[in-house]
Novice: 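I am attaching a structure below and will ask some questions about it afterwards.
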Amino acid sequence: MDNIFEEVMEEVKNAVREFRDSRELYEAKMRFLGRTGRLTALYKKIREIPAEERPSFGQKINALKEQIEARFAALEEELRQKELAEKLAGESVDVTMPGRRAFVGTLHPVTRVRNMLIDVFAGMGFEVFEGPEIETDYYNFTALNTPADHPARDMQDTFYVSGGFLLRTQTSAGQIRLMEHKKPPIKMLSPGRVFRSDDDATHSPMFHQMEGLVVDRHITLCDLQGMLDEFARRIFGSGSKTRLRPSYFPFTEPSVEVDVSCHACGGKGCPLCKGTGWIEVLGAGMVNRRVLENCGIDPDEYTGFAFGMGIERIAMLKYGINNIKLLTENDVRFLGQFRD
Ligand code: DAH
């Protein structure tokens, strides 16, 4: 009877020689320790042996059970360690491998220049006001002293939409919208998209303008030039100067064209400034008294100046971009060059 224990232990040794995973090990364990396993069968044998031998037989089964349990516990632990090691090896990271660089976008040059301009003028106390892109004839032209038969309308080829509306051709329309609601003192900056039926290397049917308007008592052309000097220095460099040339806009009187000294040659003359040393950057003037009247502001009490510039034009001059199309094609090889 005694060698039954040795036999079982031998079976255990054979059974555990080959198992591939924890499931197979568990199955092997159940064959000995499970409810229908080898040990249960041995316990049942107790009834068959003489009563006086039963205690020592029972002790032997218990000892065997402990031995088998210990054996499987050791194997389970061994397997757990092995599986853990395999898992860690599978998840290992090669820290010497070069990482994948995240793609970082940049601000569009038009957005950059727009932000710079807002920065310059906000520092002088201007507030940003944005008018609608779809306008009426009244705000875009008539109230700006450009009635229906006015020849200046031909300066801007207008896109008309249904219902008597049009796509604004100039952010100047925002001047009227603001002055109808706000009375002087006014210091407004109005950035936005404008639309004209125009298309070549320096003109696009959609582009951006930045409008400025100041209305208060005793405002003069000198105030305009002082602010524009500061603008020129901040955008084109500290040595920049401005000059005003007489011009014509229906909504300003007098009207001026503003040139900035060429930042590429410092004013000596180069291809960028076509040898003149100066570059035209914006239109401006003293607000026409008719425009103030149209908005219910007394032109004998208040005066003002206004200016309007093309943001694409400023960006092209500042960054040396020769074709406006580059600004709408969204080629990342082009856009990626504008990083801080
Ligand atoms: N609105 C003009 C244009 O689109 C630019 C302009 C000129 C705006 C003179 C002004 C101004 O406010 O005073 O060409």
Side-chain angles (χ1 to χ4, degrees), residues 114 117 121 126-133 135 137-147 150-159 166-179 184 186-198 202-216 219-228 231 242-260 279-292 294-295 297 299 302-314 316-317 324:
R114 175 186 181 275
L117 291 170
F121 288 101
F126 282 68
E127 279 177 287
V128 173
F129 168 81
E130 287 184 54
E133 289 173 4
E135 266 297 5
D137 190 277
Y138 177 77
Y139 287 97
N140 196 75
F141 290 121
T142 308
L144 286 161
N145 194 35
T146 323
H150 199 290
R153 286 210 179 196
D154 297 340
M155 288 160 73
Q156 302 173 1
D157 274 320
T158 311
F159 288 116
L166 50 81
L167 300 183
R168 67 175 174 197
T169 60
Q170 50 189 357
T171 44
S172 307
Q175 293 185 21
I176 308 298
R177 292 212 171 255
L178 185 88
M179 284 191 285
I186 289 170
K187 264 184 170 178
M188 172 205 84
L189 198 61
S190 189
R193 261 193 286 250
V194 298
F195 308 85
R196 292 181 197 180
S197 182
D198 212 352
T202 52
H203 296 87
S204 152
M206 185 284 292
F207 63 103
H208 298 78
Q209 282 189 335
M210 182 71 80
E211 190 84 11
L213 174 71
V214 172
V215 184
D216 204 349
I219 296 291
T220 69
L221 210 55
C222 286
D223 299 314
L224 169 67
Q225 189 159 22
M227 287 195 182
L228 292 177
F231 143 80
T242 62
R243 91 178 168 183
L244 309 185
R245 278 183 294 112
S247 184
Y248 175 77
F249 298 103
F251 33 88
T252 43
E253 183 57 40
S255 301
V256 293
E257 210 83 62
V258 181
D259 297 341
V260 173
I279 298 172
E280 184 190 318
V281 291
L282 58 96
M286 298 305 292
V287 180
N288 192 309
R289 39 189 300 130
R290 294 222 191 136
V291 173
L292 294 175
N294 289 342
C295 301
I297 294 174
Y302 294 104
T303 54
F305 67 73
F307 60 84
M309 63 185 97
I311 300 181
E312 279 81 353
R313 178 163 171 75
I314 305 284
M316 288 170 79
L317 290 170
I324 197 167

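Computed over heavy atoms, backbone and side chain alike; hydrogens, waters and symmetry mates excluded. Remember, it's 1-based here, ligands and their atoms both numbered in the order they're listed. Values in this document were obtained by computation on a predicted structure and should not be read as measured data.
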Novice: Heavy-atom count around Arg290 CZ within 6.0 Å, excluding the residue itself: above 12?
Specialist: no
Novice: side-chain contact (heavy atoms from CB on, under 4.5 Å), that's the test. Do Asn288 and Thr252 meet it? Break it down for me.
Specialist: CA-CA 4 Å; Asn288 192 309; Thr252 43; 5.6 Å; no
Novice: Evaluate the side-chain proximity of Ile219 to Thr303: yes if any heavy-atom separation is below 4.5 Å, no if none is.
Specialist: yes
Novice: In terms of residue, atom name and distance, what is the protein heavy atom nearest to atom 2 (C) of ligand 1?
Specialist: Gln170 OE1, 3.7 Å
Novice: What residue and heavy atom of the protein are closest to atom 3 (C) of ligand 1, and at what distance?
Specialist: Arg196 NH2, 3.5 Å
Novice: When you measure from the heavy atoms of Met309 to every atom of ligand 1, does any distance fall below 4.0 Å?
Specialist: no
Novice: Do the rings of Phe121 and Phe126 sit parallel, tilted or perpendicular, given the 30° and 60° boundaries?
Specialist: perpendicular
Novice: Based purely on interatomic distance, does Thr169 place a nitrogen or oxygen under 3.5 Å from a nitrogen or oxygen of ligand 1?
Specialist: no
Novice: Could you tell me the residue and atom name of the protein heavy atom closest to atom 12 (O) of ligand 1, and the distance to it rounded to 0.1 Å?
Specialist: Glu211 OE2, 2.6 Å
Novice: Among all protein heavy atoms, pick the one closest to atom 11 (C) of ligand 1 and tell me residue, atom and distance.
Specialist: Phe251 CE1, 3.5 Å
Novice: Between Arg114 and Ile311, is any pair of side-chain heavy atoms under 4.5 Å apart?
Specialist: yes
Novice: Between Phe249 and ligand 1, is there a nitrogen or oxygen pair with a distance under 3.5 Å?
Specialist: no
